[in-house]
Amino acid sequence: MGRYDTSLKELVLGTEPEFLTFLGINAQIMEITNVEFPAVKERRVDKVFKAIVEGEKTLIHIEFQLQYQQDFHIRMLEYWVMLKSRFPDYDIVQIVLTCGIKFISRLQQKEKLESFINFGFKVVDLNEIPFEKYLEVPNPNINALGIFGKGSDIKTLVERILKYNLEQEKFSSIVNKIFILSKLVGREKEVLKAMEDLAVIDIRETELFKRGEMEGIKKGREEGIKKGREEGIKEGLKIAKKLIKEWIEVALMTKFGPKSKGLIEKLKTIEDIEKLRKLRRVLLKAKSTKEIEKIISNSK
């Protein structure tokens, strides 16, 4: 679960005010702090915010829990006690973010010999939040969490993030996280299909390319040939080029109709992935076939 937890946390990182508002918490954040407890198994809580909520000093503790743990509520109680001991002047609010996982969120013990306990925390199941709500927030990281949303549409999600015109590295990073998290809800094939249809990122920097690379390695093993990583990468590039060419062909037909027939035939001869990427970029803004023909004619 490590890579899932990490991807989820990285999407939240830097979006704390918007994310709390998204969760329905009207808080004025004063400080985001890291808190470690050497005495417990899970040494560091995921997120702690010092904030003002309804005029009161409040410590908001957010925990990410993407797998079932029978004693999780006990760990949350341990955190509560330790947080309260370290920050006695703060009210403690605990929120657990999960993805379709059901576990005990309240610990109650009937009064006996004047000893009793009534402890609980708020659970937010990301699967239960409507997809549209994720897209309402003007932040690509929170939009990306829409992969969990009820009724989510992958293509719409990616197109929403595209509208921010992010730098390539940032966009690729978010798409990678969407792909990784999609595995939790069994939708990785839909994400791959959407990326194949859109083909708007440097595939070599994404899980899509890594998938092609691994398929190449697997193919080599099945054929009994010791291709290793080098051949795997070649296979990955082959798949990447095929996907980009398919996208360009569809885009040409959509944009220029029958006029693009000759260009499509020439497109098949291009093997330089960098020139394919350049062609894809130009095509997005091209107003005539001449701009495209110039690039294709100079490509081998």
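Values reported hereafter were calculated over all heavy atoms of this structure, with side chains retained and with hydrogens, waters and symmetry mates removed. Because the structure is a prediction, the values reported are computed rather than measured. Along the sequence shown, residues carry numbers from 1.
When L181, L145, N127 are each tested for a side-chain contact (heavy atoms from CB on, under 4.5 Å) with C99, only one passes: N127. Test V53, I29, D91 against I60 for side-chain contact (heavy atoms from CB on, under 4.5 Å) and you get one pass: V53. Tested against K177, the residues T6, L8, L11 include a single side-chain contact (heavy atoms from CB on, under 4.5 Å) partner, L11.
Rounded to the nearest 0.5 Å, atoms CD1 (I161) and CG (N143) are 6.0 Å apart. Rounded to the nearest 0.5 angstrom, T98 OG1 and L184 CG are separated by 9.5 Å. The distance from the NZ atom of K294 to the NZ atom of K290 is 12.0 Å, given to the nearest 0.5 Å. Within the model, atoms CD1 of I147 and CZ of R187 stand 5.5 Å from one another, a figure rounded to the nearest 0.5 Å. Atom CD1 in I273 sits 12.5 Å away from atom CG in L279 (nearest 0.5 Å). To the nearest 0.5 Å, the span separating CG on L59 from CG on D89 amounts to 11.0 Å.
With sequence neighbours left out, E16 forms a salt bridge (charged side-chain N to carboxylate O under 4.0 Å, His left out) with K47. For S182, there are no side-chain hydrogen bond (donor to acceptor under 3.5 Å, both in side chains) partners two or more places apart in sequence or in a different chain.
When the shell of 6.0 Å around NZ of K278 is examined, it contains 12 or fewer heavy atoms from other residues, nucleotides or ligands. Within a 6.0 Å sphere centred on CD of E31, heavy atoms belonging to other residues, nucleotides or ligands number more than 12. Applying the 6.0 Å contact sphere to NZ of K122 captures no more than 12 heavy atoms from other residues, nucleotides or ligands.
Using a 4.5 Å heavy-atom threshold, the side chains of E274 and R277 count as touching. Looking only at side-chain heavy atoms (C-beta outward), K155 and R160 stay at 4.5 Å or farther from each other. V124 places a side-chain heavy atom less than 4.5 Å from the side chain of I129. Taking the side chain as every heavy atom from C-beta outward, M76 and E78 never approach each other to under 4.5 Å. Contact of the L97 side chain with the I62 side chain is registered, since non-hydrogen atoms from C-beta on lie closer than 4.5 Å. K102 places none of its side-chain heavy atoms less than 4.5 Å from the side chain of V123. Using a 4.5 Å heavy-atom cutoff, the side chains of R106 and H73 are not in contact. Counting heavy atoms from C-beta on, the side chains of F72 and E63 come closer than 4.5 Å.
Note on residues 13-33: pairs passing ring-ring contact (aromatic ring centres under 6.0 Å, His included), not counting sequence neighbours, are F22-Y134.
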Criterion side-chain contact (heavy atoms from CB on, under 4.5 Å) on L157 and L135, from CA distance to verdict:
CA-CA 8 Å; L157 173 60; L135 298 192; 4.1 Å; yes

What's the verdict on side-chain contact (heavy atoms from CB on, under 4.5 Å) for E291 and S288, showing C-alpha distance, side-chain angles and the deciding distance?
CA-CA 6 Å; E291 298 174 63; S288 70; 3.8 Å; yes

Check the pair K133, K150 against side-chain contact (heavy atoms from CB on, under 4.5 Å), reporting the backbone distance first and the verdict last.
CA-CA 10 Å; K133 185 174 180 181; K150 183 184 293 185; over 6 Å; no

Residue pair L126, E128: steps toward the side-chain contact (heavy atoms from CB on, under 4.5 Å) verdict:
CA-CA 5 Å; L126 298 173; E128 296 300 318; over 6 Å; no

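Without hydrogens or angle criteria, S7 side chain to Y4 main chain gives no donor-acceptor distance under 3.5 Å. A donor-acceptor pair under 3.5 Å is absent between the side-chain atoms of S152 and the main chain of F131, judged by distance alone. Judged by distance alone, the side chain of K57 and the main-chain N or O of K50 form no donor-acceptor pair under 3.5 Å. Listed for the T156 side chain is no donor-acceptor partner under 3.5 Å among the backbone atoms of I154. Not one N or O on the side chain of E18 forms a donor-acceptor pair closer than 3.5 Å with the backbone of V137.
N139 and Y164 are not linked by any side-chain donor-acceptor pair at a separation below 3.5 angstrom, with hydrogens and angles left out of the test. In summary, the side chains of N141 and K170 do present a donor paired with an acceptor at a separation below 3.5 Å, with no hydrogens or angles considered.
Taking every heavy atom of both residues into account, G100 and D125 meet most closely at N-OD1, 2.9 Å. Annotation for I178 and A144: closest pair CG1-CB, 3.8 Å, computed over non-hydrogen atoms. When all heavy atoms of H61 and Y79 are compared, the pair lying nearest together is CE1-CD1, 3.5 Å.
Tracing side-chain contacts under 4.5 Å through hydrophobic residues (I, L, V, M, F, W, Y), one never reaches F148 starting from L13; they form parts of separate clusters.
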